[in-house]
Every structure is written in structure tokens, then in C-alpha cells.
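A, B, ... follow the sequence lines: proteins, then strands. Residue 1 opens every chain.
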Amino acid sequence: MAEDEAKKKKTTFDIDAALAEGNTENETTNNIDDAEPKDEEQDDANVDIDLDFTKKKKKKKKPFGTDDLDAVAIESKEEILIESGNQEDGTVDDNFDLDIDFSKNKKKKKKKKDLDELMAEAEEKAAEDRENADENSTLWVGSDRDYTYDELLNRAFEIMRDKNPDMAAGKKQKFVMRPPQVVKIGAKKTSFANFTEICKMLHRQPKHLLDFLLAELGTSGSVDGNSQLIIKGRFQQKQIENVLRRYIKEYVTCHTCRSPDTILQKDTRLFFLQCETCGSRCSVASIKSGFQIDGYTSSERTIPSYQLQLLHFGYFQFENQIEND
Amino acid sequence: MSIQNLNTFDPFADASKGADDDVQDGLVHIRIQQRNGRKTLTTVQGLSSEYDLKKIVRACKKEFACNGTVIDHPEYGEVLQLQGDQRENICQWLTKAGLAKPDQLKVHGF
């Protein structure tokens with residue numbers, strides 16, 4: 001019975017004729033399988049073949065076990081979707097992009113390896129993806145079989161993307177940032193050259209970001225005349241990047257909708273993050289440097305002696321001290 | 001038979017318990033500090049004071065093959081200090097030993 005069904009399906013597909021010869025081979029080898037995996041396979045084969053002439057290294061052609069194919073297909077589909085979402089930003093901006101989608105970190109890392117190559121690949125893929133999408137959408141028009149979940153899902157996404165193209169890029173929140181320029185100064189200091197620029201991009205007070213950076217790195221530092229940040233200690237760009245990423249996650253992107261369009265307000269000693277997109281408002285953790293081992297502490301926090309004397313006489317109190325107590 | 005409404009309930013029970021580790025949400029902060037050259041120090045702050053930190057540090061020293069001490073700080077309480085970048089190690093170790101849950105750990109630094 002299953003076989004019958006499968007055969008029927010096969011014929012309909014052949015009539016559809018959108019498929020290459022590889023498919024039929026595939027069919028004949030796996031004739032005994034029941035209907036469900038068959039459908040999958042059809043799609044898989046499709047994807048597989050399409051991808052093959054771009055010489056993707058990861059695509060293995062030969063094995064036709066359904067499990068293998070499924071896995072490959074799902075992977076490849078996912079990747080196509082992601083890449084297609086990616087390419088808008090990627091092509092426009094050839095700066096390194098600091099992507100603020102933390103759920104997909106793994107993919108991102110892979111992607112960052114070789115930007116040029118990847119960009120070219122992404123373009124290729126996107127073009128191909130279009131074709132693919134067309135094929136996919138028309139693939140089952142003639143037949144009256146049950147559509148697989150994947151197909152329906154793809155279709156829904158395609159329609160969504162067609163109807164509002166500006167949302168296509170924002171399938172997930174993209175937030176492109178310039179990389180921090182980190183230069184060594186001598187043996188013991190590090191310069192963060194575009195510090196103020198990045199503050200401006202994030203719409204945050206330089207002081208706030210400075211506090212965070214110094215607290216996280218556990219050092220001291222200051223902004224010099226050329227609006228660059230000088231940090232004590234040796235740091236690499238990657239390390240600063242990590243800290244920046246954490247800053248953005250905590251203090252820039254909205255915790256509800258992940259939009260970077262937010263305002264940081266101070267309200268009765270607490271910082272609140274107000275989202276301009278979704279209107280949510282939530283408090284964010286205060287910056288605490290925590291325990292610092294003596295001798296390596298940030299010298300900024302220590303009070304100069306003349307002020308200390310004045311303090312003893314009760315002439316004035318420090319602003320930050322009032323807050324701390 | 002007990003009537004639930006008549007049970008005495010101490011609203012400050014959890015407050016008094018959480019107060020001694022004065023860190024918010026009982027987070028365990030793991031920090032790193034650069035020393036001279038490529039040397040670093042790792043500090044662990046916010047471990048519950050129910051634990052004997054001296055024993056913990058003894059075990060850590062043995063496990064990570066590094067030196068370490070417990071520092072008593074007036075504001076932050078007892079802080080564990082280890083030599084070198086032990087952030088990964090200490091995270092794993094704390095979770096494995098069941099001293100802290102993974103979501104309680106907060107790693108700072110680069």
C-alpha cells in the first residue's frame with residue numbers, strides 16, 4: 001500500500017518535471033519507503049542538486065539514507081534562510097558587523113571567518129535561493145497530496161517576505177556596528193580609538209560605557225584629548241569586542257523586543273531602559289566593579305587627599321557617594 | 001487538621017537568609033584582573049557564606065594547580081582569589097560540585 005502511494009507520488013512529481021534526473025534515481029532506490037519521507041526526499045534532492053553546482057564543500061551527494069538526507073536538507077534550508085536574511089546587511093556594509101543575535105552565536109562565528117568569501121557566497125546563495133523558492137512554491141501546485149509542514153512554513157515565510165520587503169532583513173534583529181579600534185600603547189596601556197564614536201552610535205553617555213568597560217575589565221583608564229579611551233593593561237580587540245557585546249546586550253538592546261532603539265534614563269538611582277519601538281521599560285543592573293584586589297584597583301575611585309580633608313571637615317559630599325550610600 | 005490561614009508565616013524568612021550574601025539574586029560574580037605581564041587573578045565573589053570558603057579554596061587549588069586565598073572584605077564579604085585565569089575552571093567546578101547553579105554564575109571580564 002505504501003508502495004502504491006509512493007509510486008503515485010512519483011508520477012505526479014515526474015509530471016511536475018521541475019526536478020532533475022537525480023531525483024528519479026533517488027526514487028527508484030528507495031521505492032519501498034513509505035510516503036512521508038518520500039516527500040521530504042523530493043525536496044531534499046532538490047536542494048541538494050541546486051547546491052551542488054555551487055560546489056558547497058559540506059554537501060555530500062552520495063548517501064541516500066533518509067536520515068542523512070533529512071539532516072542535510074534541514075541544515076541547508078536553515079542556512080539558506082539565514083544567509084538570505086543576512087546578505088542585505090552584509091553587502092551594504094563591509095565593516096565587520098557586530099551581530100546582536102545571541103541565539104545564533106554559533107552560526108555567526110562560523111560566518112565571520114572570511115567575510116569576503118562569505119559575502120560572495122551569500123549573494124550567490126541569495127540568488128539561488130530566489131530560484132529555489134520559486135521552484136518550491138510551484139512544486140506542488142499541480143498535485144493534490146498533503147503538503148509537508150516544511151513546505152507550508154516556507155510558503156508562509158515567502159509570502160510574508162514578499163508582502164513587506166523591509167521586514168525581510170529584520171527576520172531577526174540586526175544591529176550593525178563598527179568594530180572597536182584597539183591599539184597597543186607601549187607595553188602596559190591600550191587605546192580604544194573610536195570610543196566616542198561608538199558611544200554615539202549606541203546613543204549612550206561615554207561615561208556610562210566607560211564605567212562599564214572599566215568595571216568589567218577590572219582596570220582603570222580615562223578618555224584623553226583625542227576622544228580616545230586609554231585603558232591600563234593589555235587588551236586585544238577581540239576582548240574589548242566581547243565586553244562591548246555584553247554591554248549592548250544589557251544596556252542597549254531592549255530586553256523585550258531586542259530593538260536597539262532605546263533610551264537609558266536614570267530615575268531615583270536606578271537606570272531604566274526605555275524602548276522606543278515597543279515602549280517597554282525595565283530597570284537594568286547597576287554597574288558594579290565588585291571586589292578589586294588592592295594594588296591593581298582603579299585609581300579613579302580613590303579620593304584625592306585634599307578632597308578627603310575637606311570631606312572630614314564636612315564641607316562637601318561627593319555626588320557618587322550620596323548615591324552609593 | 002491545620003487551617004492554612006492560621007499558620008504563622010514569616011514574610012522576612014527569605015529576606016534574612018538572602019541578606020548575608022549582599023549581592024543581588026545571590027549571583028556569584030567571577031572576575032578577572034590583569035596583573036603585570038600576562039599574569040592574571042581570578043576572584044569569586046558572592047558565594048553563600050554557609051559554605052566554608054577555606055575548604056573550597058583548598059579543593060580549588062588542588063584541582064586547578066594554582067595558588068589561592070580567601071580574602072575577607074568588609075563590603076563584599078569573603079572573596080575567593082585564585083591565581084591565573086581560572087574562570088572556565090571555576091565555573092565548571094562550582095556547577096559540578098553543586099555550589100552554584102549555572103545561571104547563578106556571572107562571569108565578568110574580557
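- Residue A:Glu197 qualifies as enclosed at atom CD: its count of foreign heavy atoms under 6.0 Å is above 12.
- The distance from atom CG of B:Asn36 to atom CZ of A:Arg234, rounded to the nearest 0.5 Å, is 10.0 Å.
- B:Lys61 NZ: more than 12 foreign heavy atoms inside a 6.0 Å radius.
- Rounding to the nearest 0.5 Å places CZ of A:Arg246 at 7.5 Å from NE2 of B:His108.
- Atom CD of A:Gln265 is surrounded by more than 12 heavy atoms from other residues, nucleotides or ligands within 6.0 Å.
- Interatomic distance, CD of B:Gln34 versus NZ of A:Lys188, reported as 11.5 Å (0.5 Å rounding).
- For the ring-ring contact (aromatic ring centres under 6.0 Å, His included) test, no residue two or more places apart in sequence or in another chain qualifies with A:Phe272.
- Looking at B:Val107, the atoms closer than 4.5 Å to chain A (heavy atoms on both sides) all sit in the backbone: N, CA, C or O.
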